[in-house]
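Given the structure is predicted, the values throughout are model-derived calculations rather than measurements.
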Amino acid sequence: MLRSRTGLCVAALALACTTLTAGLCASAATPLGGAIEPGFDYHSFANVDQFRMTHIEMDLQVDLDNKVIDGVVALELQRLDPRATQLVLDTKGLTINDVSQKATDVLGATAKSQTVWVSRPFHLEKPDPILGSALVIDLPPSRKAVESVKIEYLTVPTAAALQWLTPKQTGGHKAFLYTQSEPIGARTWIPLQDTPQVRATYTATIHTDRGVRAVMSAENDPKHKANGDYTFVMPQAVPSYLIALAVGDIAFKETGPRTGVYAEKSMVGAAAKEFADTESMVATGEKLFGPYRWSRYDILVLPPSFPVGGMENPRLSFITPTVIAGDKSLVSVIAHELAHSWSGNLVTNATWRDVWLNEGFTVFLESRITAAVYGEQRESMEAVLGLQALRENLATLEPKDQVLAIDLRDRDPDLAFSDVPYQKGRLFLSYLQSKFGRERFDAFLHAYFDHFAFKSISTEQFNEYLQANLLDRFPGIVTRDQVLNWEHAPGIPADAVLPTSSAFGPVDEARTAWLAGSLAAKKIGPDWVTQQWLYFLNNLPAALEPRQLADLDEARGLTRSQNAEIEHSWLKIVIRNNYQPSYPRLEEYLKSIGRRKLIVPLYAELMKTPSGTAFAKRVYAKARPGYHPDTAAALDPMVDPDAANAPDTPLR
Ligand SMILES: [Zn+2]
């Protein structure tokens with residue numbers, strides 16, 4: 001997922017360092033003093049040591065008017081413990097109407113060919129505010145290898161993983177639904193084992209209004225008539241956070257033999273043009289990291305409320321429209337989501353503590369794809385911007401949250417998605433590449449993806465593989481302590497290899513000259529690309545003269561920029577300096593975009609002054625109904641704590 005810097009507050013649990021190894025605070029130290037069990041998922045109730053879900057069959061009625069999914073899900077589970085008498089699943093906010101077990105499991109040979117389901121006793125445990133309610137199903141002990149249970153249920157309109165948009169909130173004239181299940185949202189729309197260490201294949205039948213199209217992270221058929229009934233097959237086993245659905249006025253346009261774009265009709269042409277290089281990105285990924293194992297790679301462009309940059313739902317990445325700049329300058333988000341086809345979707349983090357295995361690897365792979373398709377210079381600029389973002393983020397994080405293998409016990413796993421797993425994770429891999437050389441490191445990566453394909457692994461399993469296949473194979477280059485230091489010590493390690501970009505030299509010069517009054521604003525960077533403008537704006541001093549702001553805005557048309565990233569950087573400057581001429585645009589921006597990375601920092605900046613606070617509260621009251629539950633949950637505590645008690649507040 002491309003989603004860093006959410007602005008979420010970090011729970012203030014004091015971390016007591018009880019174990020010191022080679023001068024670093026080992027992550028095994030915890031607020032409770034107990035050791036973390038590597039690979040144990042603290043964010044799921046599922047008893048995966050007794051049952052493991054292998055296949056999911058969904059039949060979902062998607063009611064766009066009432067914002068409810070009326071579902072029946074059949075789970076096929078491998079029974080690991082013949083004595084087990086309870087199956088525990090994850091749910092959050094679901095109403096469970098009935099639970100039954102496949103009769104053949106109960107009656108054995110007496111069952112006819114006709115499938116019979118027998119009701120089973122069940123109950124929901126008291127809800128935990130973060131994890132939801134365990135659904136406990138009583139099952140008789142059995143020596144059967146496979147169990148099948150069926151659950152009839154209803155979602156609530158405030159389900160955190162579901163965003164329901166009214167026709168007015170979309171680019172077209174029809175209602176829209178999309179899901180965002182990572183990290184633990186799947187349980188708000190499907191009762192299941194909601195943990196990344198369990199993988200399952202799935203099939204789905206979706207019933208909805210005639211005239212809208214349903215698409216999923218599965219085999220999609222763009223030629224299927226929009227008749228309201230759709231069936232999907234996902235033949236590759238995926239973790240629950242990668243199950244995804246969208247329903248709306250969705251059209252399709254091909255961009256290559258195995259790539260294409262789904263988007264609302266008003267957007268599909270521009271999107272296909274912007275993402276025209278997707279096919280060559282897939283080919284590049286295959287050349288570098290091994291075969292692409294998901295058949296097709298399509299992109300779904302969501303309405304602007306989509307809370308993250310992109311979500312790597314397999315076969316069909318979900319992408320924010322804010323990366324459509326008209327000049328392909330922001331398409332590294334596509335390289336990122338595509339790269340997850342190897343890191344994350346193929347080799348998956350076993351728990352959210354290990355999310356750097358998904359995201360750090362993916363930022364590294366993204367940079368390799370970007371360099372191959374758009375050149376080393378673009379890649380180097382993005383790496384420097386990423387490092388700057390990491391440094392800014394580290395300044396706001398407690399030491400215990402600056403580590404790669406983060407302790408998330410008793411905390412919302414959403415907190416793991418800071419810049420640390422992304423950018424520090426990428427620096428770690430860049431460090432290994434620089435130490436062992438590109439050729440050896442590429443061979444290691446290729447083998448790593450093959451070895452762990454379709455498996456979920458912990459940081460410790462990665463370390464074991466790294467030790468055997470890189471550290472011990474080429475001894476005397478990197479020590480185990482150096483690896484542990486990267487994973488468990490806060491901050492950026494002293495031996496990091498930091499990126500630089502020659503393209504930013506002229507930008508620094510121009511900024512200095514303009515600030516000194518020796519360069520006119522209209523002479524700044526006539527041929528600069530987006531990344532150079534971002535670097536120019538992000539590194540201006542906090543306080544500027546009104547005359548300087550007006551000068552810059554007039555010469556460069558910043559308030560009118562259609563590039564959402566440049567606009568974001570400019571609006572931050574606008575707020576810091578209370579530059580009123582751009583406030584109407586600021587209001588429009590906050591009301592039309594729901595991507596957290598772009599709007600949460602703007603609200604945070606506004607809340608620093610009384611006049612900014614008044615403006616933020618006024619705009620937020622209008623904008624909040626259109627925001628995704630994740631975005632509202634990030635902003636409520638900051639902008640309007642009372643809004644969290646409103647009846648439409650998302651379940652988080
Ligand atoms: Zn990602």
Compare all side-chain heavy atoms of Q180 with those of V308 and state whether any distance is below 4.5 angstrom. yes

Could you go step by step and tell me if I319 and L300 meet the side chain to side chain contact (heavy atoms under 4.5 Å, CB included) rule? CA-CA 6 Å; I319 300 289; L300 171 67; over 6 Å; no

What heavy-atom pair brings E57 and T203 nearest, and what distance separates the two atoms? CG-OG1, 3.2 Å

W164 side, atom CH2; T158 side, atom OG1 - distance, nearest 0.5 Å: 11.5 Å

Show your working on side-chain hydrogen bond (donor to acceptor under 3.5 Å, both in side chains) between Y297 and S341 and close with a plain yes or no. CA-CA 9 Å; Y297 180 76; S341 306; over 6 Å; no

Rounded to the nearest 0.5 Å, what separation is found between the CG atom of L338 and the CD atom of E366? 10.5 Å

Is there a side-chain contact between V420 and L397 in this structure, where contact means two heavy atoms from C-beta onward sitting under 4.5 Å apart? yes

Passing candidate, ring pair (Phe, Tyr, Trp, His ring centres under 6.0 Å) with W352, options F40, Y42, Y241: Y241

Donor-acceptor contact below 3.5 Å, side chain R199 vs main chain A237: yes

Considering only NZ, NE, NH1 and NH2 on the basic side and carboxylate oxygens on the acidic side, decide whether D472 and R480 come within less than 4.0 Å. no

Is there a side-chain contact between F176 and L64 in this structure, where contact means two heavy atoms from C-beta onward sitting under 4.5 Å apart? no

Would you call the rings of W356 and F428 parallel, tilted or perpendicular, where under 30° means parallel and over 60° means perpendicular? tilted

I96 versus E152: any side-chain heavy-atom pair under 4.5 Å? no

Please state whether the rings of F452 and Y465 are parallel, tilted or perpendicular, taking 30° and 60° as the class boundaries. perpendicular

For E464, I'd like to know if atom CD has over 12 heavy atoms of other residues, nucleotides or ligands within 6.0 Å. no

Report yes if the side chains of V238 and N345 come closer than 4.5 Å at any heavy-atom pair, otherwise no. no

Step-by-step side-chain hydrogen bond (donor to acceptor under 3.5 Å, both in side chains) determination, S217 to Y202: CA-CA 10 Å; S217 53; Y202 75 79; 2.8 Å; yes

M311 and L302: side chain to side chain contact (heavy atoms under 4.5 Å, CB included), yes or no, with the steps? CA-CA 11 Å; M311 179 62 215; L302 276 305; over 6 Å; no

Mind checking the CG-CG spacing from D442 to L288? Nearest 0.5 Å is all I need. 6.0 Å

Against E359, only a single residue in Q423, R426, H340 fulfils side chain to side chain donor-acceptor pair (under 3.5 Å); can you say which? H340

Using modelled atom types and a 3.5 Å cut-off, is there a donor and acceptor pairing between side-chain atoms of Q402 and backbone atoms of P490? no

Is the shortest heavy-atom distance from the side chain of S142 to the side chain of R79 under 4.5 Å? yes

Do N227 side-chain atoms and D229 backbone N/O form a donor-acceptor pair below 3.5 Å? yes

Are F454 and F449 close enough that their ring centres sit under 6.0 Å apart? no

Between N47 and D49 (side chain of the first, backbone of the second, donor and acceptor by atom type, cut-off under 3.5 Å), is there such a pair? no

Have D194 and S44 got a donor and an acceptor in their side chains that come within less than 3.5 Å? no

Roughly how far, to the nearest 0.5 Å, is OH of Y262 from CD1 of I250? 9.0 Å

Hey, could you give me the CG/CG distance between L135 and L89, rounded to the nearest 0.5 Å? 5.0 Å

Close aromatic pair by centroid cut-off 6.0 Å: F474 and F441: no

Nearest heavy-atom contact between A161 and S181 is CB-CA, 4.3 Å

Would you check if the side chain of D41 reaches a backbone N or O of T351 as a donor-acceptor pair within less than 3.5 Å? no

Rounded to the nearest 0.5 Å, how far does NE2 of H55 lie from CE of M234? 12.0 Å

Given side chain to side chain contact (heavy atoms under 4.5 Å, CB included), test F436 with L471 step by step and report yes or no. CA-CA 9 Å; F436 291 94; L471 271 52; 4.1 Å; yes

Would you find a donor on one side and an acceptor on the other, under 3.5 Å apart, between the side chain of D636 and the backbone of A634? no

Check: L415 main-chain N/O paired with D412 side-chain donor or acceptor under 3.5 Å: no

Looking only at heavy atoms, what is the nearest atom pair of V282 and W342, with distance? O-CH2, 4.3 Å

Provide the closest heavy-atom pair for I190 versus L94 in the form atom of the first, atom of the second, distance. C-CD1, 4.0 Å

Please tell me if the side chains of S240 and T195 come closer than 4.5 Å, counting only heavy atoms from C-beta onward. no

Closest non-hydrogen atoms of P307 and T631, given as atom of the first, atom of the second and distance, are CB-OG1, 3.5 Å

Any side-chain heavy atom of V146 within less than 4.5 Å of one from L77? no

Once you measure the plane-to-plane angle for Y448 and F361, does it fall in the parallel (<30°), tilted (30-60°) or perpendicular (>60°) bin? parallel

Run the numbers on Q50 and D81 for side-chain hydrogen bond (donor to acceptor under 3.5 Å, both in side chains), then give the verdict. CA-CA 5 Å; Q50 296 184 304; D81 181 354; 2.9 Å; yes

Of N349, T348, T362, the one forming a side chain to side chain donor-acceptor pair (under 3.5 Å) with S343 is T362

Nearest non-hydrogen partners of A405 and T459, listed with the distance: CB-OG1, 4.2 Å

Do any N or O atoms from the side chain of E147 and from the backbone of E76 form a donor-acceptor pair under 3.5 angstrom? no

Would you say the rings of Y178 and F318 are close, in the sense that their centroids are separated by under 6.0 Å? no

Is the shortest distance from a Lys or Arg side-chain nitrogen in D401 or R411 to a carboxylate oxygen in the other one below 4.0 Å? yes

Are H224 and Y230 an aromatic pair by the rule of ring centers under 6.0 Å? yes

Identify whether the distance between the nearest side-chain nitrogen and carboxylate oxygen of K223 and D221 falls below 4.0 Å. no

Could you list all the side chain to side chain donor-acceptor pair (under 3.5 Å) pairs where at least one residue sits in residues 64-74, not counting sequence neighbours? D63-N66

Give the intermediate values and the outcome of side chain to side chain contact (heavy atoms under 4.5 Å, CB included) for residues F45 and Q193. CA-CA 8 Å; F45 294 116; Q193 294 185 324; over 6 Å; no

Would the distance check show the side chain of T85 and the main-chain N or O of L139 forming a donor-acceptor pair, the cut-off being under 3.5 Å? no

K150 and D59 ion-paired at < 4.0 Å: no

Between R596 (side chain only) and D630 (backbone N and O only), is there a donor and an acceptor less than 3.5 Å apart? yes

